[in-house]
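Let me begin by presenting the structure, written as structure tokens, before commenting on it.
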2 protein chains.
Amino acid sequence: MPRSPIEYLAELKLFYREEARMPSFSEMLGLFGVKSKNAVSRIVHELTQNKLIRRDTKGRLLPGHSFLGIKVLGFIEAGFPAPAEEQLVDTITLDEYLVQNHRDTFMLKVSGDSMIDAGIQPGDLVLLERGRAARNGDIVVAEIDHQWTMKYYEKRNGKVRLVPANKRYKAIIPKERLLISGVVIAVVRKYR
Amino acid sequence: MPRSPIEYLAELKLFYREEARMPSFSEMLGLFGVKSKNAVSRIVHELTQNKLIRRDTKGRLLPGHSFLGIKVLGFIEAGFPAPAEEQLVDTITLDEYLVQNHRDTFMLKVSGDSMIDAGIQPGDLVLLERGRAARNGDIVVAEIDHQWTMKYYEKRNGKVRLVPANKRYKAIIPKERLLISGVVIAVVRKYR
DNA sequence: TTGACATGTGAACGATCGTCCACTATACTG
DNA sequence: CAGTATAGTGGACGATCGTTCACATGTCAA
């Protein structure tokens, strides 16, 4: 029973998600339901041609971009058509999308409501990058009196203010030098 | 010059991020700066003992959990200490954290402001899962008149209403059967 | 200095890897 | 039906894999 490349790809994805690596040709015998490595070789060759999987410089198999990515369909309220072919859908991994400098990136869970008007709620996770230069309008996490706080960074005439996104709080004007722990580069909220 | 396990681990992470796979023992010769595979074998053994890298059932090396994860440090406004040892920090990958059913998950970019009071702004990415049963209070994307719209799902006395999180819009009461395209399981906002 | 221990070297080993080839089975065409 | 691609079988092959061995070197304390 001949199967389509997409079905083979699905098997590979399943394996990859379970094992966190690509299967060997021998293992693909079972996955694809064939009995000779030559058959596997051809299938792999075809998938490689279609860029569904890749090979590195040493010839080893690597997962294609669609292996971990999430499908991005389009815009809400745009009345878009749902693409039928999985290949036509753009895919991204969230980690790739959000994180640029892996080593200096870390996360914090938000516990206050001082940034509520900026759409950052208690319980949200904020992605921070250490060492970035804060620009006007950025949201930063700063250390004040051995406490960390999250505010808008505002610089006017050389004076820095930390402004909350909540009318019930006041802006903070740092007396001594300002210790910025990180610049907020993303916000993540999980519902369930 | 003897190096610490953490330095070896850093080399492995670098390699893994570039190649998307674990290096072979031969390749580690160069990475670790040693000349015999036996030396590599011991280093790998130690890293495995410390659970910094793993082996699958076939004995192949797999990346440890910290290879792709982002460090989670704690809560804002809690005045937490910054952990010095990288090993002590919990790490998560966003994809793992947010996505449960990979196949039925997709993303949309939000273009309206009808959910602004729920902290969902235009330009945000929403993560949707197809086929989940909507519960009261969930945010859903539904198809109305061939248009997709995002609203709170509200069910009272068997009647379903779609309620926006913006006072300037009205609730929608679906006339015919309601077509729910997906339930919002997460929101992601990228600043820069 | 001597002994004990940790760590690295270099080589040998069987196992598994992916490629390749000759051959067979199946499907399609005229 | 014969003729011709297309796809799979089964095995041989060299390359590379990770393991393991005996041995050399380095380090530290007695």
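Numbers restart at 1 for each chain; the letters A, B, ... are given by sequence-line order, proteins then strands. Only a predicted model underlies this, so the values are computations on that prediction, with no experimental measurement involved.
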How many whole angstroms separate atom CG of A/Leu29 from atom P of C/dT19?
13 Å

Is any side-chain N or O of B/Arg55 closer than 4.0 Å to OP1 or OP2 of D/dT19?
yes

Identify which nucleotide among D/dT19, D/dT9, D/dG8 has an atom closest to any side-chain atom of B/Ser41, counting heavy atoms from C-beta outward.
D/dT19

Rounded interatomic separation in angstrom, taking CZ from B/Phe25 and P from D/dT20
10 Å

Separation of C/dT7 P from B/Phe32 CZ (nearest whole Å)
15 Å

Would a hydrophobic clustering, with Ile, Leu, Val, Met, Phe, Trp and Tyr connected at side-chain separations under 4.5 Å, put B/Tyr191 with A/Val110?
yes

B/Met22 CE to D/dG18 P, straight-line distance once rounded to whole Å:
10 Å

Could you give the CE-to-P distance, from B/Met28 to D/dT16, as a whole number of Å?
17 Å

salt_bridge(B/Asp113, B/Arg168) N-O dist < 4.0 Å:
yes

Donor-acceptor pairs are to be reported for all side-chain atoms of residues 125-140 of chain B against protein atoms at under 3.5 Å, with residues two or more places apart or in another chain.
from, atom 1, to, atom 2, distance (Å)
B/Glu129, OE1, B/Arg132, NE, 3.2
B/Glu129, OE1, B/Arg132, NH2, 3.2
B/Glu129, OE2, B/Arg132, NE, 3.2
B/Arg132, NH2, B/Gln100, OE1, 2.9
B/Asn136, OD1, B/Lys155, N, 3.2
B/Asn136, ND2, B/Lys155, O, 2.8
B/Asp138, OD2, A/Arg192, NH1, 3.2
B/Asp138, OD2, B/Arg135, N, 2.8

Between C/dC17 and A/Ser26, is there an OP1 or OP2 to side-chain N/O distance shorter than 4.0 Å?
yes

Can you tell me which nucleotide in C/dT7, C/dG10, D/dT9 comes closest to the side chain of A/Ser36?
D/dT9

Please tell me whether B/Ile172 and B/Met150 are part of a single hydrophobic cluster in this structure, the criterion being side-chain heavy atoms less than 4.5 Å apart.
no

Report yes if at least one side-chain N or O of B/Arg60 is closer than 4.0 Å to OP1 or OP2 of C/dC17; otherwise report no.
yes

Please tell me which of the listed nucleotides, D/dT19, C/dG10, C/dA22, lies nearest to the side chain of A/Asn38?
C/dA22

From CD of B/Glu46 across to P of C/dA6 the rounded distance in Å is 12 Å

Side-chain donor or acceptor of B/Lys37 under 3.5 Å from a matching atom on the base of D/dG18?
yes

In whole angstroms, how far is the P atom of D/dT16 from the CG atom of A/Asp56?
14 Å

With sequence neighbours left out, the residues meeting side chain to side chain donor-acceptor pair (under 3.5 Å) with A/Lys58 are B/Glu27

Let me know, please, whether B/Ile43 or A/Gly59 comes out on the 5' side of the other along DNA chain C by nearest nucleotide.
B/Ile43

Assuming nearest nucleotide by heavy-atom distance, tell me which of A/Pro23 and B/Val34 is located more 5' along DNA chain C.
B/Val34

Could you state the CD1-C1' distance from B/Ile53 to D/dG18, rounded to the nearest angstrom?
13 Å

Report yes if a side-chain nitrogen or oxygen of B/Ser24 is closer than 4.0 Å to either non-bridging phosphate oxygen (OP1 or OP2) of D/dC17; otherwise report no.
yes

